[in-house]
Amino acid sequence: MIPRNRRIIDPAAIESNMRLIRSSVPAAVRVLAVVKADGYGHGAVETAHAAIAGGADMLAVAAVSEGIQLREAGITAPVLVLGAVTACDAANGVKYDLIQTVCSDEMVLLCEKAAAEQQKQTEVHLKVDTGMGRIGIRSEAERDGILQALKSCSHVRLAGVFTHFSDADGEEEGMLYTREQYERFLKMIEPLPKGIIRHCCNSAAIHRFPEMALDMVRAGISLYGYPPVPGTRGLLPCMSWKATISYVKELEADAYVSYGRTYRSPHPIRTATITCGYADGYHRAGGEKGYVLIHGKKAKIIGRICMDQMIADISGIENVQPGDEAVLLGTSGNESITAEDLAAWAGTISYEILCSSSGRVGRIYKEAEQERRK
Ligand SMILES: *Cc1c(COP(=O)(O)O)cnc(C)c1O
């Protein structure tokens, strides 16, 4: 059964985006595919497979639980956990051969203890905070403490070091700040052993600061087809989102629609009720400005988005029937709605649109959708 509210994912587009990113950096630079948050809503396992097919060398997740999901699906590629290692997760991180992130000598010792207990070797990357103000060491004293702690560890190997840019997609000032972060990073890593993987670029920096690629780059949003900065060509969106029209009716002039009576029909209109609301991850704030696509035409959303339903004005659209599809994200005829459009309507960013789908929304992969249409 095809879910009446579904996000449709195109793994071939993910693979193609990875190829494009891969070809945009020197061959010696590794490319890491960020598949945290269930692959930005595209499905972590399917995204990982597509990214590897497209040339990814490594994967990254936010938490150990996400890494375990990849391992249980049989994925053997190196997996970096971007979040700082925690006492409750360290043992599983070792057990599932995940590369964990450390930013204190205590964290190094947590990994050492877990690995020694399991009689295994484990790898860690050191996180440096060069101006994001999140996790990571900020001082050379902390760095030296960690290097000291590592000397006493026979089960932990420092395999990499990284930092994260906070404003690589920003305007002029953001670009200056990114350069400062990069300089701080180079200074901090200078005394580290040679041969470890140094990485700092997210999607925006990959495109804007190719000179900062170092040994590896980390591609998130661009892998999913959304250029983080204007002028990035050839990336393909990989997700569309469709719901179903459940009801069609005529409304007289001066009729109110939805909660709070924020919409009142100026003249008689025809409406469609659609099986998607904020509990499905459609941003309630986006309703006032947004539209959906029905039969290749824009249908303005009227009234507030409800928990499970929304209403659109279909006055100008012929022959709309219950059971017809409404495109919330993606293409219909010559029209299309991007995650950036949805984000602008809702006052957020494309990232949040992609990963905000709720468990009630079905996820299907492109081949399955095409199969259904035959
Ligand atoms: C999420 C994340 C990324 C990916 O960022 P994009 O902007 O999506 O490319 C890279 N590095 C770290 C540390 C992250 O947390």
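Order of appearance sets the numbers: ligands from 1, and atoms from 1 within every ligand. These figures come from a predicted structure and were not determined experimentally. FYI, the numbering just counts along the sequence from 1.
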Exercise for the section: Using only heavy-atom distances, determine whether the side chains of His155 and Gln121 contain a donor-acceptor pair under 3.5 Å. Expected result: no
Problem - Pair Ser104-Glu106, side-chain donor/acceptor within less than 3.5 Å - result: yes
Problem - Sorted by chain and number, the residues that approach ligand 1 to under 4.0 Å with a heavy atom - result: Val34, Lys36, Tyr40, Leu82, Arg134, His164, Asn202, Ser203, Arg218, Gly220, Ile221, Tyr351
Practice task
Using only heavy-atom distances, determine whether the side chains of His295 and Asn319 contain a donor-acceptor pair under 3.5 Å.
Solution key: no
Handout entry: Flag for Glu352-Ser356: side-chain donor and acceptor within less than 3.5 Å
Key = no
Exercise for the section: Give me the ring orientation class for Tyr224 and Tyr40: parallel if the planes are under 30° apart, tilted from 30 to 60°, perpendicular past 60°. Expected result: parallel
Handout entry: Donor + acceptor pair across side chains of Ser246, Thr273 (<3.5 Å)
Key = no
